[in-house]
Amino acid sequence: QVQLVESGGGLVQAGGSLRLSCAASGRTFSSKAMGWFRQAPGKEREFVAAINWSGGITYYGDSAKGRFTISRDNAKNTVYLQMNSLKPEDTAVYYCAAQPKNWPYSDYDYWGQGTQVTVSS
């Protein structure tokens, strides 16, 4: 069993930056691929980024490419999402997820509770 807790969300002006963190419980974190997703009101959940167990392979959704960076620190059981050049359309609840059955885009086994990111214009 893996528990995921996101943090780092908040209110930021357009053009600003935020770094989200996802702390994972369990000794098997370092063997699991991780992902970030987001869901805006009235919209479907959207893939943002994913990272393999070592951090050597990353994938990004179209909306994240060039602005967001996913990384992980296996010693701290934590995965990060650095978000730069934020836009109002990035406003959403951001979710951390672990262990995809369909790497890297879907069917993750474990999910966090989400953290709200609001970007003002």
Side-chain angles (χ1 to χ4, degrees):
Q1 188 74 10
V2 176
Q3 292 187 329
L4 305 172
V5 179
E6 302 96 335
S7 62
L11 174 64
V12 63
Q13 288 188 333
S17 298
L18 281 175
R19 188 176 81 156
L20 305 184
S21 299
C22 173
S25 66
R27 292 174 293 175
T28 60
F29 171 81
S30 61
S31 67
K32 299 187 188 304
M34 303 291 294
W36 285 97
F37 291 77
R38 69 186 186 185
Q39 188 165 21
K43 294 188 177 182
E44 294 187 352
R45 188 167 58 197
E46 175 188 9
F47 170 78
V48 176
I51 189 166
N52 77 327
W53 68 273
S54 69
I57 300 173
T58 57
Y59 286 88
Y60 295 93
D62 288 341
S63 61
K65 289 177 182 176
R67 299 187 300 127
F68 296 1
T69 303
I70 189 171
S71 62
R72 67 189 297 159
D73 185 340
N74 286 342
K76 295 182 178 180
N77 276 17
T78 302
V79 64
Y80 305 97
L81 185 69
Q82 177 67 44
M83 305 187 294
N84 299 328
S85 302
L86 283 162
K87 306 173 183 179
E89 51 264 44
D90 294 317
T91 296
V93 177
Y94 283 71
Y95 297 92
C96 172
Q99 195 167 286
K101 293 187 178 69
N102 184 24
W103 162 257
Y105 299 116
S106 63
D107 297 334
Y108 282 69
D109 284 339
Y110 304 101
W111 291 85
Q113 83 289 348
T115 186
Q116 176 71 46
V117 171
T118 303
V119 184
S120 63
S121 57

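The side-chain heavy atoms of Ser120 and Leu11, taken from C-beta on, include a pair separated by under 4.5 Å. Side-chain contact between Phe29 and Val2 is absent, with no heavy-atom pair separated by less than 4.5 Å. Under the 4.5 Å side-chain criterion, counting only non-hydrogen atoms from C-beta, Met83 is not in contact with Arg67. Ile70 has its side chain out of reach of Tyr80: every pair of non-hydrogen atoms, C-beta onward, lies at least 4.5 Å apart. In this structure, the side chains of Val79 and Trp36 come closer than 4.5 Å at one or more pairs of heavy atoms. Using a 4.5 Å cut-off on side-chain heavy atoms (C-beta onward), Gln82 and Ser17 make contact. Between Asn52 and Met34 the shortest side-chain heavy-atom distance does not fall below 4.5 Å. Here the side chains of Val117 and Leu20 are in contact, with some heavy-atom distance below 4.5 Å.
For the residue pair Arg38 / Thr91, no side-chain donor-acceptor distance below 3.5 Å is found, with atom types taken as modelled. Judged by distance alone, the side chains of Glu6 and Ser21 never bring a donor and an acceptor atom under 3.5 Å apart.
The heavy-atom pair separating Tyr110 from Gln99 by the smallest distance is CE1-NE2, 3.9 Å. The minimum heavy-atom distance between Ala49 and Tyr60, with the atom names listed, is CB-CD2, 3.7 Å. Closest of all the heavy-atom pairs between Glu46 and Ser63 is OE2-OG, 3.0 Å. Contact detail for Ser25 and Asn77: the closest heavy-atom pair is C-ND2, 4.4 Å. Residue Tyr94 comes nearest to Val48 through the heavy atom pair CE2-CG2, 4.4 Å, listed as atom of the first residue, atom of the second, then distance. Smallest separation of non-hydrogen atoms from Gly8 and Leu18: O-CD2, 3.8 Å.
Rounding to the nearest 0.5 Å places CZ of Arg72 at 7.5 Å from OG of Ser30. Once rounded to the nearest 0.5 Å, the distance linking CG of Leu81 with CZ of Phe68 reads 6.0 Å.
Panel note: side chain Asn102, backbone Asp107; no donor-acceptor pair is recorded below 3.5 Å. Panel note: side chain Thr78, backbone Lys76; a donor-acceptor pair is recorded below 3.5 Å.
The aromatic ring centroids of Trp103 and Tyr59 lie less than 6.0 Å from each other. Checked against a 6.0 Å centroid threshold, the rings of Trp111 and Phe37 count as neighbours.
Taking 4.0 Å as the cut-off between side-chain N and carboxylate O, Asp109 and Lys32 do not count as a salt-bridged pair. By the 4.0 Å N-to-carboxylate-O rule, Lys65 lies close enough to Asp62 to be salt-bridged with it.
Within a 6.0 Å sphere centred on CD of Gln3, heavy atoms belonging to other residues, nucleotides or ligands number 12 at most.
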